[in-house]
Amino acid sequence: VREGATHVLVLRTRPDGVNVVRRQSIFERLIAWRFFERKMRMPHMYKHMRDQQHRQRYAEDILLLNEAAKQSQADSGIHIRWRS
């Protein structure tokens with residue numbers, strides 16, 4: 001966009017209104033521990049997943065995307081199509 005793109009395609013894994021920062025299940029924690037901590041020996045990545053930083057980032061990105069879409073529509077009359 002900063003470089004003058006005329007179109008932007010955004011693919012989201014969750015629709016609006018879904019809680020993306022919900023608490024992790026025991027299975028998610030165990031899988032993250034086994035894969036990142038134990039198998040891949042990436043304790044920093046395990047901590048990132050355990051602390052749900054990936055979900056926080058996703059939520060921040062959704063808010064930024066929604067705000068940019070509203071601003072874009074207001075400024076230029078661009079029609080944005082949302083698909084579920």
Side-chain angles (χ1 to χ4, degrees):
V1 175
R2 286 186 195 130
E3 296 173 358
T6 58
H7 293 77
V8 176
L9 174 65
V10 177
L11 303 175
R12 290 174 43 181
T13 58
R14 301 285 186 265
D16 275 337
V18 173
N19 182 1
V20 295
V21 290
R22 64 177 169 72
R23 191 169 180 208
Q24 283 181 329
S25 72
I26 186 70
F27 298 110
E28 290 172 311
R29 285 186 297 233
L30 287 173
I31 289 169
W33 174 79
R34 183 168 186 222
F35 184 77
F36 291 115
E37 179 78 25
R38 193 169 153 209
K39 184 175 182 179
M40 300 302 291
R41 291 186 173 88
M42 300 172 70
H44 61 286
M45 192 64 200
Y46 167 67
K47 183 180 183 311
H48 178 83
M49 298 295 284
R50 184 195 66 209
D51 296 343
Q52 296 188 338
Q53 293 174 6
H54 61 296
R55 290 180 188 218
Q56 293 169 1
R57 175 64 186 264
Y58 187 84
E60 291 168 359
D61 288 347
I62 287 174
L63 294 174
L64 182 65
L65 172 65
N66 288 348
E67 188 58 37
K70 288 178 191 174
Q71 188 64 37
S72 177
Q73 281 181 304
D75 289 349
S76 63
I78 294 172
H79 177 67
I80 297 176
R81 292 184 295 178
W82 300 99
R83 294 180 189 232
S84 302

Note to self: Given 3.5 Å as the limit, does a donor-acceptor pair link the side chain of Q52 with the main chain of R22, or not?
What the structure shows: yes

Next item on the list: Look up atom CZ in R29 and atom CD1 in I26, then write down how far apart they are to the nearest 0.5 Å.
Entry: 4.5 Å

Notebook entry, point to check: Taking all non-hydrogen atoms of both residues, which atom of R12 and which atom of I62 are closest, and how far apart?
Noted result: NH2-CG2, 3.8 Å

Item checked: Nearest heavy atoms of E28 and R23, plus distance in Å -> OE1-O, 4.4 Å

Item checked: Closest contact, heavy atoms only, Y46 versus E37 -> CD2-OE1, 3.5 Å

Item checked: Validation row: D61, R57 side chains within 4.5 angstrom (heavy atoms) -> yes

Margin query: I need the K39 NZ to I31 CD1 distance, nearest 0.5 Å.
Written below: 12.5 Å

Check: Are F35 and M49 side-chain neighbours, meaning at least one heavy-atom pair lies under 4.5 Å?
Finding: no

Notebook entry, point to check: Does V21 share a hydrophobic cluster with Y58, counting links as ILVMFWY side-chain heavy atoms below 4.5 Å and allowing steps through other members?
Noted result: yes

Check: What residue among H54, K47, H48 forms side-chain hydrogen bond (donor to acceptor under 3.5 Å, both in side chains) with D51?
Finding: K47

Checklist line | R34 atom CZ, neighbour heavy-atom count above 12 within 6.0 Å | finding: no

